[in-house]
Amino acid sequence: MSDKQTITEKIFSRAAERPVKAGDFVLANIDRAMTHDITGPLAVEGFYEIMRNEKEKKVWDPDKIVILFDHQVPADSLNAAQNHIMLRKFVAEQDIKNFYDIFEGVCHQVMPEKGHVLPGQLVVGSDSHTCAYGSLGAFATGIGSTDMAAVFAIGKLWFRVPETIRFEVNGRLGERVYSKDIILKLIGDIGADGARYKACEYAGDAVKSLDVSQRMTISNMAIEMGGKAGIIEPDSITEEYIKERVPGYKLDTDLKSDDGANYSDIRKYDVSDMPPQVACPHNVDNVVDVTEVEGKKIDQVLLGSCTNGRFEDLKIAADIMGDRPVAKGVRLLVIPASRTEYMKALKAGLVEQFMNAGALVESPCCGPCMGGSFGLLGPGEVCIATSNRNFKGRQGSADAFVYLSSPATAAASAIKGKITDPRSV
Ligand SMILES: CC(C)[C@H](C(=O)O)[C@@H](O)C(=O)O
Ligand code: SF4
């Protein structure tokens, strides 16, 4: 058998303390565990259940746990307030220092931003878009609250080491075409379950030329094709990003898939002539060229979420809008993904620009992305969103319609009042 490994097999070999290959069952050491206000309470309950006969009910390592509030912030119901109280108590009791209360932002933005994710790590989070951290070369995956309870208790979790699908994306993206368009294209192509339990490895010069912000968008949506992870081999761009957060950090240059590693599939793309992409209601894999849905009237635009709520995303949108106002009858909600991204936007004058255009700029949180505390859609309403899911009822009424796009397409649509090709404005 070949000793060539994918980056995923390398990460699991380290985490399991023995050489492993895809298909092996392992008990792996967890480097970082993240939970939030929605899935955290059940994880905490499960943890105490596991520890019920122990005298010392302590987590395995408080420094490896990160807890954040982002989905229902500030508390939008009594239930949410109670969840927050419970988790704050757990944080104090367990001496968890990496705790971010209601003001810091969306988990998948805050985790990398605060230096909690490093290349080569095995990271779990009780949220399905934890795969976003694959953008930094970590193997990161979403787990359920009960699995998280076990991680809190012993710092280990069992896995079947996933096979890898390699997506080789080459070519030069056209004007106003972005990484969101790439990932929508891949998902539309392979289908919502096409990469089930696979590690999706994104490679090729179109991926390697992306900045970290745009890489995060691609990794974030691996789960939308069923992927267990969405990993990009770390390089000098990754190293720069980490160094700003972990001074002196040096990248392990072996942290990549070996030539001759075993893939379950290699899919090749050239994105040079690819137009902007849009996912239509009510599935993320219902993807078409923007030209096919141009002219569809909209009621709301959501610019935000862990997928596309960073400063870079807001800047792309602001540049397209210029000094043009939001179209009459359209509501533009701008929700930066974190406090840091919000402040960058503030300093660059983007917040003022959006407000002058008639947008509502909200403080960082998940917002209406999953039909949270505000901004819900009513029956018959149409929204174009930069988020990652458009399931029936996801953003409010089951009779509403959500289209997914890049920030550029969302911004062009906001000023025109209908779905618009950003290359045309
Ligand atoms: C609330 C949480 C469990 C959920 C997830 O796991 O993804 C949410 O973040 C989402 O995007 O649907
Ligand atoms: S922004 Fe949306 S996709 Fe991201 S964690 Fe929050 S609810 Fe989930």
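Being a predicted model, the structure only gives us computed values, none of them experimental. Read the numbers this way: they start at 1 and go in the same order the structure lists the ligands and their atoms. Worth knowing before you read on, the calculation uses all heavy atoms, side chains too, and leaves out hydrogens, waters and symmetry mates.
Protein heavy atom nearest atom 6 (O) of ligand 1, with residue, atom name and distance: S128 N, 2.8 Å. Protein heavy atom nearest atom 2 (C) of ligand 1, with residue, atom name and distance: D127 OD2, 3.4 Å. Nearest protein neighbour of atom 4 (Fe) of ligand 2, counting heavy atoms only, is C306 SG, 2.3 Å. For atom 6 (Fe) of ligand 2, the nearest protein heavy atom (residue, atom name, distance) is C366 SG, 2.3 Å. The protein non-hydrogen atom at the shortest distance from atom 3 (S) of ligand 2 is N388 ND2, 3.2 Å.
Distances shorter than 4.0 angstrom do not occur between any heavy atom of Q395 and any atom of ligand 2.
Between K64 and D31 there is no salt bridge, since no side-chain nitrogen of the basic residue lies less than 4.0 Å from a carboxylate oxygen of the acidic one.
Ring centers of F69 and F103: at least 6.0 Å apart, outside the cut-off.
For ligand 1, the atoms closer than 4.0 angstrom to any heavy atom of M370 are 1 (C), 8 (C). Near M370, meaning under 4.0 Å from any of its heavy atoms, are these atoms of ligand 2: 7 (S). Each of the following atoms of ligand 2 lies closer than 4.0 Å to a heavy atom of H108: 5 (S). For ligand 2, the atoms lying closer than 4.0 Å to a non-hydrogen atom of H129 are 3 (S), 8 (Fe). With ligand atoms numbered from 1 in the order given, ligand 1 contributes 7 (O), 10 (C), 11 (O), 12 (O) to contacts under 4.0 Å with heavy atoms of R389.
Inclusion of H71 in the set of residues having an N or O under 3.5 Å from an N or O of ligand 1 is warranted. Residue contacts with ligand 1: T39 is placed with no nitrogen or oxygen under 3.5 Å of a nitrogen or oxygen of the ligand (distance criterion only). For ligand 1, none of its N or O atoms has an N or O atom of H36 under 3.5 Å away. Ligand 1 has a nitrogen or oxygen under 3.5 angstrom from a nitrogen or oxygen of R394.
Coordination check, C369 versus atom 6 (Fe) of ligand 2: failed, since every N/O/S atom of the residue sits at 2.8 Å or beyond.
Residues I335 and P368 have side chains in contact (heavy-atom distance under 4.5 Å, counting atoms from C-beta outward). Residues V169 and Y202 form no side-chain contact, since every pair of their non-hydrogen atoms from C-beta on lies 4.5 Å or further apart. Side chains of D101 and R88 form a contact here, defined as non-hydrogen atoms less than 4.5 Å apart. W158 is not listed as a side-chain neighbour of V26, based on a closest heavy-atom distance of 4.5 Å or more. A heavy-atom distance below 4.5 Å is found between the side chains of W60 and V151.
When atom types are taken as modelled, the side chain of D285 and the backbone of I187 share no donor-acceptor pair closer than 3.5 angstrom. Checked by atom type and distance alone, the side chain of N390 never pairs as donor or acceptor with a backbone atom of L404 at under 3.5 Å.
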For this session: Begin with the C-alpha distance, continue with both residues' side-chain angles, and end with the deciding distance and a verdict on salt bridge (Lys or Arg N to Asp or Glu O under 4.0 Å) for E104 and K114.
Result: CA-CA 10 Å; E104 199 63 50; K114 297 289 180 193; 3.3 Å; yes
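Taking the six-membered ring where tryptophan is involved, the planes of F12 and F139 are perpendicular, since the angle between them exceeds 60° and thus also 30°.
In this structure, of M221, H71, H36, the residue bringing a heavy atom nearest to atom 8 (Fe) of ligand 2 is H71.
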